[in-house]
Amino acid sequence: MKFITIDKKDWTQGIDKSRKTYQLFGPVTDENGCKIKELDTDVAPDMDYHESVMSAKSVLFPQTETLLTANLDESVEDHHVMKRAENTYTPRAILGIRPYDAKAILLVKLNFDTDDYRDPYWCDAYEATTLVGLGITKPGPFDFSTSVGCGPFCEEGLDILLADLDDHYLAKVLTPKGEAYAVACGFDVAADDKESQALFDILQLEAEKNITSSIETDKLKGKNLLDLHEAPFWDDIAFACINCGTCTYVCPTCWCFDIQDEVKQKQSSRFRNWDTCMSPLFTRHATGHNPRGEKVQRVRQRFMHKLKYFLDKYDQGIMCVGCGRCVKSCPVNIDIRQVAHTMNTFEKKD
Ligand code: SF4
Ligand code: SF4
């Protein structure tokens, strides 16, 4: 473990220095709120942001991503042969990522990087990325991250964790990737490890005290999957949903996508786009049959996946890091905490 002090006066100059080798991403605030996006050379990350509307997931899993291309010009020797798109995976750093969004990347990794298969696009982007987190000193009212094994100063998935201490940042360097990034920035003022850790512990405790919201999941593991699937409450939960998909797009742990082909003149491309289990088109088969043609089936799928299937499959908690974005953004106030309570307390009547 290694702590570094970064005077805020040196911050912008340091990260600018890192631009020689790193592509930078970070929070950018405009009239529509804050988003984590690529930082143009003259843009510094907004390190005073509170919450971002969208998470950092698009840095590793772009909303639209070309996977394969083929040249359809028959005069070319390898025409119609699909080849991996020439995407670049130069080193990149996400500055100011919130701890729950970094932990979410680890949950998404369970899907994209397994013993049986490896999504090369996501994995290559992941390997190229350094995560520089920013601890949350004032959690928002929708934050329930402490009840899902995360929290405002959670280190899981991060390479560096920063604590904002007014005129300087205290940086906890967690991995060799984090160390390499600090070197690229020229941040090398060592701080005392013991004192710094004690300060981090205090900040963490203070921040956690301000999280008053939680999600109830303790009995979910023991519930029978089919009983939950057939439970009578799904109609009530789904009633108000307008299937807008907002909850899935803002969620840092949602990973569904759709693959499409497109031909422009002699160039063919296969690309993927974010998709949502809330859309009826997502599961419609080429035959026209749709196993989730009804709204209630789609709403049930979203919550069963997050709160039961994922839990049963990976045994690593629920597929949620408690960021609260879906709760805050849902236009009809469907709240995953209430759904979890309903599922958690459900008892099948004989
Ligand atoms: S944001 Fe709300 S209304 Fe929209 S799909 Fe999700 S649950 Fe339904
Ligand atoms: S389900 Fe909601 S609260 Fe949980 S990680 Fe996704 S957006 Fe955040």
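Because the structure is a prediction, the values reported are computed rather than measured. Counting starts at 1 for both ligands and their atoms, following the listed order. Quick note: numbers below take in every heavy atom, side chains included, and nothing from hydrogens, waters or symmetry partners.
For V332, every heavy-atom contact with ligand 1 shorter than 4.0 Å involves the side chain, none the backbone. Residue contacts with ligand 2 for V148 are absent, since no atom lies close enough (heavy atoms, distance under 4.0 Å). Residue contacts with ligand 1 for T248 are absent, since no atom lies close enough (heavy atoms, distance under 4.0 Å). Here K306 has side-chain heavy atoms under 4.0 Å from ligand 2, and that is the only part of it that gets that close.
A donor and an acceptor atom, one from each side chain of D116 and T114, are nowhere located under 3.5 Å apart. For the residue pair D201 / Q197, a side-chain donor-acceptor distance below 3.5 Å is found, with atom types taken as modelled. A side-chain donor from one of T253 and K306 sits under 3.5 Å from a side-chain acceptor of the other. T175 and D159 share a donor-acceptor pair across their side chains, judged by distance under 3.5 Å alone.
Annotation for ligand 1: atoms under 4.0 Å from non-hydrogen atoms of N243 are 5 (S), 8 (Fe). Using a 4.0 Å cut-off to heavy atoms of C251, the atoms of ligand 2 that qualify are 1 (S), 5 (S), 6 (Fe), 7 (S). Residue C320 approaches ligand 2 through these ligand atoms, each under 4.0 Å from one of its heavy atoms: 1 (S), 3 (S), 4 (Fe), 5 (S). Every atom of ligand 2 is numbered from 1 in the order shown, and the set under 4.0 Å from a heavy atom of I336 is 1 (S). Here is the list of ligand 2 atoms found below 4.0 Å of a heavy atom in C326: 1 (S), 2 (Fe), 3 (S), 7 (S). Annotation for ligand 1: atoms under 4.0 Å from non-hydrogen atoms of G245 are 4 (Fe), 5 (S).
For the atom pair CD of E262 and CD of Q267, the computed distance is 10.5 Å after rounding to the nearest 0.5 Å. Put simply, CG on L106 and CD on Q316 are 9.0 Å apart, with the number rounded to the nearest 0.5 Å. Remark: E156 CD to Y100 OH distance equals 16.0 Å, nearest 0.5 Å.
The cationic atom of K37 (NZ for Lys, CZ for Arg) does not lie both less than 6.0 Å from the six-membered ring centre of F25 and within 45° of the ring axis. Both tests hold for R272 against F257: distance to the six-membered ring centre under 6.0 Å, angle to the ring axis within 45°.
Heavy-atom separations between F144 and ligand 2 include at least one value shorter than 4.0 Å. For the ligand labelled ligand 2, residue R302 lies inside the 4.0 Å heavy-atom shell.
At a threshold of 2.8 Å, atom 4 (Fe) of ligand 2 has no backbone or side-chain N, O or S atom of C323 nearer than that distance. In summary, an N, O or S atom of C241 is located under 2.8 Å from atom 8 (Fe) of ligand 1.
Atom 2 (Fe) of ligand 1 has its closest protein heavy atom at C330 SG, 2.3 Å. Of all protein heavy atoms, the one lying nearest to atom 5 (S) of ligand 2 is V321 N, 3.3 Å. Counting protein heavy atoms only, atom 3 (S) of ligand 2 is closest to G324 N, 3.2 Å. Among protein heavy atoms, the minimum distance from atom 6 (Fe) of ligand 1 is reached at C247 SG, 2.3 Å. Protein heavy atom nearest atom 4 (Fe) of ligand 1, with residue, atom name and distance: C244 SG, 2.2 Å.
Contact check for F200 versus L170: side-chain heavy atoms found under the 4.5 Å cut-off.
Between the side chain of D40 and the main chain of V43, no donor-acceptor pair closer than 3.5 Å is present. Between the side chain of K83 and the main chain of T69, no donor-acceptor pair closer than 3.5 Å is present.
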